[in-house]
Amino acid sequence: MPELPEVETVRRQLAPRVTGRRIAEVRVVDPLLVSPLDPDEFAAAVTGRVILALERRGKYLLARLDDGATLGLHLRMTGRVHLHPGAPDPAAVRFLRAVVTLDDGAAVTFADQRRFGRMWLIPAGTDEERYWRGRVGVEPLGPAFTARRLGELLDGRRVGVKAALLNQALVAGVGNIYADEALFAAGIHPERPAGGLDPGELRRLHRAVREALRRGLSSGGASIDSYRDAMGNRGTMQDALRVHLHEGDPCTRCGTPIVKGRVAQRGTYWCPRCQPRAVWR
DNA sequence: ATTTTCCCCTGCCGGC
DNA sequence: TGCCGGCAGGGGAAAA
């Protein structure tokens, strides 16, 4: 479940090793990875290109290439990107989907158990603002994400606030884990209507989202299930989670057992006392 | 326009 | 022991 902190961790590790490198070879092991593109055409389009920069937008990784095109990459649920200083042994990488070999002999592998992950090309000359509109919203760790902006994004929405946080077109990069943690820290029930938060709650939520993501980032991400960083190491954020996966455990703030339910089609954890469903004012 | 539902995939796990 | 339904949750498309 790579979310913003996990993807950014991978990006930071990978960037210094791939920037300025030429792509020597691309081997697509599983055609589904680049679908609906043709694997051979995809490989041909990328081979020989120099990677100018490795960026992140929400949960997307973007490799800027020297012909103006961009190699997009999304880990979805179980995708793993791993950097190998030398040639990797393909048999040693479980669920291997692709190998990108660089001109210094290093290789980046893409492995993915559930095969939801994708790699694709954004052609040179694409209007990216338009490309991302409706798909990826404001960066929650960037300067544009303010409490006021959050309020504008949620204004008028009747869906639960958790569903709104998971909507990538609004705030980019928040997934199930960090949504639960942020809502707990803000003391807001996940099913409160998104448009019904008062200014104080918006401020708390804004702050909580940023803090949850920052903590995830500084602990190298949450390795609950399959996530590993680009070096194959686990993060430690899973040990710092306060409600997510803590059903039945006493709330760290009030001792009330954490409950689990289904919100926005996702397993959702919250403290029934610290995050009341109804607010009276 | 917004919201909801379904779908894509595979491995794992609890229940019977 | 073995089978099987349910679950995991990322995003996108289709339906409401």
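Lettering of chains follows the sequences in order, A, B, ..., and the numbering in each one begins at 1.
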Base-contact (B) and sugar-phosphate-only (S) positions in nucleotides 11-16 of chain C, heavy-atom cut-off under 4.0 Å, - elsewhere: BS----

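Scanning for side chain to side chain donor-acceptor pair (under 3.5 Å) contacts around A/Arg118 gives an empty result, with sequence neighbours left out. Remark: A/His206 pairs with no residue by the side chain to side chain donor-acceptor pair (under 3.5 Å) rule, at least two apart or across chains. A search for side-chain contact (heavy atoms from CB on, under 4.5 Å) contacts involving A/Arg11 returns A/Glu8, A/Ala15, A/Leu54, A/Arg56, A/Leu61, not counting sequence neighbours. Residues satisfying the side chain to side chain donor-acceptor pair (under 3.5 Å) criterion with A/Asp66, sequence neighbours excluded, are A/Arg49. Taking A/Phe184 as the reference, nothing meets the ring pair (Phe, Tyr, Trp, His ring centres under 6.0 Å) condition, with sequence neighbours excluded. The salt bridge (Lys or Arg N to Asp or Glu O under 4.0 Å) test applied to A/Arg149 returns A/Glu152, not counting sequence neighbours.
Spacing between atom CD of A/Glu247 and atom P of C/dC7 amounts to 12 Å, rounded to whole angstrom units. Following rounding to the nearest Å, A/Leu33 (CG) and C/dG10 (P) show an atom-to-atom distance of 19 Å. Nucleotide B/dC9 holds its P atom 7 Å from the CZ atom of A/Arg115, rounded to whole Å. A/Asp112 has its CG atom 11 Å from the P atom of B/dC9, to the nearest Å. In this structure, A/Asp30 places its CG atom 12 Å from C1' of B/dT10, rounding to the nearest Å. In this structure, A/Glu3 places its CD atom 9 Å from C1' of C/dG10, rounding to the nearest Å. We find that CD1 of A/Ile224 is positioned 14 Å from C1' of C/dG10, with the value rounded to whole Å. Per the geometry, CG belonging to A/Leu32 stands 12 Å off P belonging to B/dC8, to the nearest Å.
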Criterion side-chain contact (heavy atoms from CB on, under 4.5 Å) on A/Trp270 and A/His189, from CA distance to verdict: CA-CA 7 Å; A/Trp270 71 92; A/His189 191 283; 3.4 Å; yes

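Atom CD1 of A/Ile177 sits about 7.0 Å away from atom CG of A/Leu245, to the nearest 0.5 Å. One finds the CD1 atom of A/Ile51 at 8.0 Å from the CG atom of A/Leu14 (value rounded to the nearest 0.5 Å).
B/dC6 sits 14 Å from C/dG6 when the P atoms are compared, rounded to a whole Å. For C/dC7 and B/dT5, the P atoms lie 16 Å apart once the distance is rounded to whole Å.
Through chains of ILVMFWY side-chain contacts below 4.5 Å, A/Val93 is grouped with A/Val29, A/Leu96, A/Val99.
At the heavy-atom level, A/Leu75 lies nowhere under 4.0 Å from the strands shown. Across all strands, A/Gly117 comes closer than 4.0 Å to no nucleic acid atom at all (heavy-atom distances).
Residues A/Val171 and A/Phe145 are in side-chain contact: their nearest non-hydrogen atoms beyond the backbone lie under 4.5 Å apart.
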Please write out each protein N/O paired with an N/O of nucleotides 11-15 of chain B under 3.5 Å, distance rounded to 0.1 Å.
unit_1	atom_1	unit_2	atom_2	d
B/dG11	O4'	A/Gln113	OE1	3.0

Pairwise N/O distances under 3.5 Å, protein to nucleotides 2-6 of chain B:
unit_1	atom_1	unit_2	atom_2	d
B/dT3	OP1	A/Arg158	N	2.8
B/dT3	OP2	A/Arg157	NH1	3.1

Starting at the 5' end of DNA chain C, write a dot or bracket for each base, bracketing those in Watson-Crick or G-U wobble pairs whose two distances are under 3.5 Å and using | for partners on another strand. .|||||||.|||||||

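Other residues, nucleotides and ligands place more than 12 heavy atoms under 6.0 Å from the CZ atom of A/Arg64.
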Acceptor/donor pairs from residues 80-91 of chain A side chains to any protein atom, 3.5 angstrom cut, sequence neighbours excluded:
unit_1	atom_1	unit_2	atom_2	d
A/Arg80	NE	A/Ser226	O	2.7
A/Arg80	NH2	A/Ser226	O	3.2
A/His82	ND1	A/Gly232	N	3.4
A/His84	NE2	A/Thr109	OG1	2.8
A/Asp89	OD1	A/Ala91	N	3.1

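Between A/Phe42 and A/Trp120, a ring centre-to-centre spacing not shorter than 6.0 Å is recorded.
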